[in-house]
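Just the heavy atoms: all of them, side chains too, but no hydrogens, waters or symmetry mates, feed the values below. Naming convention: chains lettered A, B, ... in sequence-line order (proteins, then strands); numbering from 1 in each chain. Note that the coordinates shown come from a computational prediction; the quantities given were computed from them, not determined experimentally.
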There are 2 protein chains.
Amino acid sequence: MTLTNRKEVAKLAGVSEATVSRVLNGIGPMKESTKLKVLDAAKQLNYELNAVASSFARGRSGNLGVVLPHVPKVHLFSTYYFSELLGGIGEAVRQKGYGLLLLFRDPTTVFDYVSLYRTQRVDACIVLGASGIASETESIRRLAEEALPFCVMDQSFNHRGVGSVAADHVRGGYTAVKHLLDQGCKHIGFLNGSPQYSNSSDRRAGYEKALSEAGIAIDESIVYEGNYSRTSGKRAADAVYRDLHRLDGIFVANDRMAIGLIQELRERGCDVPGRLKLVAYDDSDAASLTEPPLTTIKVPFFDMGKLAAEQLLIRITSKEQGEKSPINEKLQTELKVRKSSGHLNAAGGESRTS
Amino acid sequence: MTLTNRKEVAKLAGVSEATVSRVLNGIGPMKESTKLKVLDAAKQLNYELNAVASSFARGRSGNLGVVLPHVPKVHLFSTYYFSELLGGIGEAVRQKGYGLLLLFRDPTTVFDYVSLYRTQRVDACIVLGASGIASETESIRRLAEEALPFCVMDQSFNHRGVGSVAADHVRGGYTAVKHLLDQGCKHIGFLNGSPQYSNSSDRRAGYEKALSEAGIAIDESIVYEGNYSRTSGKRAADAVYRDLHRLDGIFVANDRMAIGLIQELRERGCDVPGRLKLVAYDDSDAASLTEPPLTTIKVPFFDMGKLAAEQLLIRITSKEQGEKSPINEKLQTELKVRKSSGHLNAAGGESRTS
DNA sequence: TTGTACGCGTTATCAC
DNA sequence: GTGATAACGCGTACAA
């Protein structure tokens, strides 16, 4: 594969190098005939802009960094979450001609985000799967203090300058519990995920809001904690089964835990939704495949990824200083009604935006 | 965040710019004192090498492309596969100071890999999830004809110059079926995955080899086809249940299908391994979590990703022409014995390399 | 062991 | 509309 450069194209087209650049970047006015000459020459020589040289001249890498937590042999994301978010980000960067640089961080140590920018490896980055543990908050704090363009996905930090794209989990949790109340539940438990994620406490806030609106007091003894894995859902089954006499519904903070919980409860002869109505969270692929299919809160991961990437690219592309404020977007979730909540009309696949 | 350049470091350290470069790249002999001066100055000024300028001067992007199939709202990979492979690749590139550029392709159209190299966006790439359908083989063929450095993961193409890293699925399939034979099975069915993947036919070859060695004829009527999804495993349950009278064991080409199949068989009152012994494939996270835990063939995805990346980086880094031949590596799988195959000693977690 | 000098292929700013 | 040309920051061959 031979690499052609601009000079050769200019020579063949009989124009200057500057003209070649203008044509290929679609900048400034140009005669149609010149444009055609250049495009023709480029095609003949198999010429395409050299991305590295271009980045160098512009002083930008043209890459958006996506940073994921990674510990070998530990899998933090579901396929659904991962694939949707990355897909959304990928779509946005492709449209803008940007690259998607994948980076792994060790969540237990302070990650040097700033170096990524200083070495010009990325122009901006999206942080996935961040939690509120000390090493992570410290990493993010440094990013924010340098006022670099970045966006944390679905996790909030109490530090100014931290941009984020998130789903409205307070509303999501509220909608889930409201739905259970609408099904006639009076004693609604809650299996939440790890407390180091802000979205866990958000869901809890929604749970509490819905109950208090219904005049039901919060009963801490029926609030359980898992870690978003299916195994933790299975483990929670012991406690839930023990408390079954004072439960008629349960809100579970993600689909995977719900699936584990349901499996174990069934082993013990407790039917969902017959004995216990359940609403889960995420609307992952598995939600519609399990028995029973899960009533769950759909989270628009694809759109969230796309939005985060788009917003970042706007900020690093535009010269307007006003558009450089931290991203702060909150997307709405959607209730997908299926069988697990015992809804009459579940077969219809009813859904409403929460 | 201020960007410092080499000139400033040179001035502060009282040396030439070339010396700064040499120190930072660890090239050539240098006086310890000079080295310290330079490192000190760099630290004071918060200087780090500019990756873009560096790439430009070297004429290489410094990126390894990883190309995945992607159609929005369709999830092709399990978390396990995806996360392990990417993790392995990520580890290798990080060690070499390379970047990991993630790219999505539409499997139904011919993907222009060559342009990635021509525009110098990547120096090499790894193709994940390739299948044998026409558009994919054509894309890969073009890559091979230009003799560009690339590696296809776990899929073989009948075209010279196509490098690949794969697991030995013939042996894997053989080992799986051999284990069932060792458990006393005489009538072993096979639920295979989509035929457009070469690894499907490889597993089948292993299945046939083990049976023929045992003097058992292949019975096409107990070879079933799914598409590696859990749903397809569930669907296969109908046929398997129907044929149950002439089955005492089954080999399933991945864990996800096995899980779906087992779920459905249980619904019909068919116990695994009581009534039907089963060996699955992949040793994904789920394998040890389901009931029963799966006897399965462990595939070293992490190592495969790492190896592919390392081999590619060697090829694009070394000047030796001899080291530019297509990658051709085959890694061994490992039998993990758990409960689903009815092995006596399953609790011990016995495993042997296949 | 260190310094000098040039080139890499663009972008962007002028002048025409 | 188009052409000339100065950056951009680094790698490296060669000289010293």
For A:Tyr117, all residues meeting ring pair (Phe, Tyr, Trp, His ring centres under 6.0 Å), sequence neighbours excluded: none
Can you run down the ring-ring contact (aromatic ring centres under 6.0 Å, His included) pairs that involve residues 19-55 of chain A, sequence neighbours left out, and say none if there aren't any? none
Could you run through nucleotides 3-14 of chain D and give me one letter per nucleotide, 5' to 3': B if any protein heavy atom sits under 4.0 Å from the base, S if only the sugar-phosphate is that close, - if neither? BB---BBBBB--
Which pairs would a plain distance check flag for residues 85-100 of chain A, meaning a side-chain donor or acceptor within less than 3.5 Å of a matching protein atom at least two apart in sequence or in another chain?
{"from": "A:Tyr98", "atom 1": "OH", "to": "A:Asp123", "atom 2": "OD2", "distance (Å)": "3.1"}

For B:Glu310, check salt bridge (Lys or Arg N to Asp or Glu O under 4.0 Å) against everything at least two apart and list the hits. B:Lys306
Contacts of A:Glu138 meeting side-chain hydrogen bond (donor to acceptor under 3.5 Å, both in side chains) (sequence neighbours excluded), chain-then-number -> A:Arg141, A:Arg142
